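Below: the structure, in structure tokens.
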Amino acid sequence: MTRISLRVDGVRYDDDVEPRTLLVHHLREQLGKVGTVVGCDTSNCGACTVLMSGPDGKPVGVKSCTVLAVQADGRDITTIEGLSGPDNTLHPVQRSFHERHALQCGYCTPGMIMAAVDLLSENPDPTDTEIREGLEGNLCRCTGYQNIVRAVRDAASAIRSGGESAEPAPPTPEAVDAATPDGGLPPDRVPEEAVPHPVP
Ligand code: FES
Ligand code: FES
């Protein structure tokens, strides 16, 4: 086991993990962050996308099924659950996905939204082609992508006209309160669907 320390959605968690544990499994099974999901085992679907701070501190989108939890030691992670603003106001990308009907089953949506946030942080005014190319690492089996492109275009314009940044706001006080002092969620806060499963 290796001791790691992550800041996830603004809250610090210190945990012992096996070196082979994938970041996505650590987020889901240890921290109860079940908004981040797994859709494949070949790194192509993007359902597991989260933002992770790079060595320079700047957040970038990563597929958390291709990152070991130990590789994320010391980094800041933002999941879909940390994206809404201080009083739970939706992030502009979340809002536009809702308004543009850019989701159906919702399974790709957390990863798709995090990838879109990453894209808009890099390119605040993308063309439709740039949106499609920017999200090519994220698969959706329901929507046919058209409404996702519209939603990202709307979000880009809302962010620009509001003078906002695509980068997530700081975490809510509730999120910080939810963490125990030594990190990790108390057992009654871990949702049932987060029960551990064997790591391949
Ligand atoms: S779960 Fe499919 S890319 Fe990560
Ligand atoms: S909304 Fe179902 S996979 Fe995208």
Side-chain angles (χ1 to χ4, degrees), residues 4 6 8-9 17-54 59-73 75-84 90-122 126 128-156 168 191 193-200:
I4 62 167
L6 306 182
V8 181
D9 298 335
V17 297
E18 285 192 53
R20 65 177 183 154
T21 302
L22 299 175
L23 177 59
V24 67
H25 291 145
H26 182 62
L27 291 172
R28 290 177 55 81
E29 294 160 13
Q30 192 71 27
L31 309 187
K33 296 278 179 182
V34 293
T36 303
V37 294
V38 175
C40 73
D41 57 8
T42 48
S43 318
N44 57 345
C45 79
C48 61
T49 305
V50 298
L51 300 180
M52 182 166 97
S53 60
V60 292
V62 297
K63 292 181 173 178
S64 60
C65 74
T66 62
V67 178
L68 296 169
V70 292
Q71 291 176 300
D73 185 27
R75 304 296 178 93
D76 279 310
I77 309 284
T78 305
T79 76
I80 189 71
E81 288 160 61
L83 196 56
S84 58
L90 295 180
H91 184 281
V93 177
Q94 291 175 305
R95 199 164 53 235
S96 61
F97 266 60
H98 170 65
E99 288 170 355
R100 281 294 194 170
H101 197 67
L103 64 146
Q104 291 179 36
C105 79
Y107 200 81
C108 73
T109 312
M112 195 70 80
I113 287 178
M114 298 315 288
V117 170
D118 183 37
L119 168 67
L120 296 181
S121 304
E122 282 291 312
D128 283 8
T129 302
E130 286 170 338
I131 293 171
R132 287 178 185 280
E133 287 176 357
L135 298 180
E136 68 186 359
N138 291 73
L139 301 182
C140 175
R141 65 183 180 180
C142 302
T143 64
Y145 301 101
Q146 293 286 66
N147 284 354
I148 292 175
V149 175
R150 292 187 183 112
V152 175
R153 196 199 300 146
D154 279 6
E193 58 269 37
V195 291
H197 59 79
V199 177

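Note that the structure is predicted; figures quoted are calculated from it, not measured. All residue numbers in this chain count up from 1 along the given sequence. Both ligands and their constituent atoms are indexed starting at 1 by order of listing.
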Could you enumerate the protein N, O or S atoms under 2.8 Å from atom 4 (Fe) of ligand 2, written like residue then atom name?
C108 SG, C140 SG
With R153, which residues qualify under salt bridge (Lys or Arg N to Asp or Glu O under 4.0 Å), at least two apart?
D128
With rounding to the nearest 0.5 Å, note down the distance linking OH in Y107 to CZ in R141.
8.5 Å
Any S64 side-chain heavy atom under 4.5 Å of H26 side chain:
no
Not counting sequence neighbours, which residues clear salt bridge (Lys or Arg N to Asp or Glu O under 4.0 Å) with R100? List them please.
D154
Exactly one of T78, T79, T36 clears side chain to side chain contact (heavy atoms under 4.5 Å, CB included) with V8, and that residue is T79
Would you check if F97 and H91 make a side-chain contact, meaning some heavy-atom pair closer than 4.5 Å?
no
With side chains defined as the heavy atoms from C-beta onward, is the minimum distance between T49 and V62 less than 4.5 Å?
no
State, with a plain yes or no, whether a side-chain heavy atom of L6 is found less than 4.5 Å away from one of D76.
no
Does the side chain of P19 come within less than 4.5 Å of L68's, by heavy atoms?
no
Suppose the cut-off is 2.8 Å; which protein N/O/S atoms would you list for atom 4 (Fe) of ligand 1?
C48 SG, C65 SG
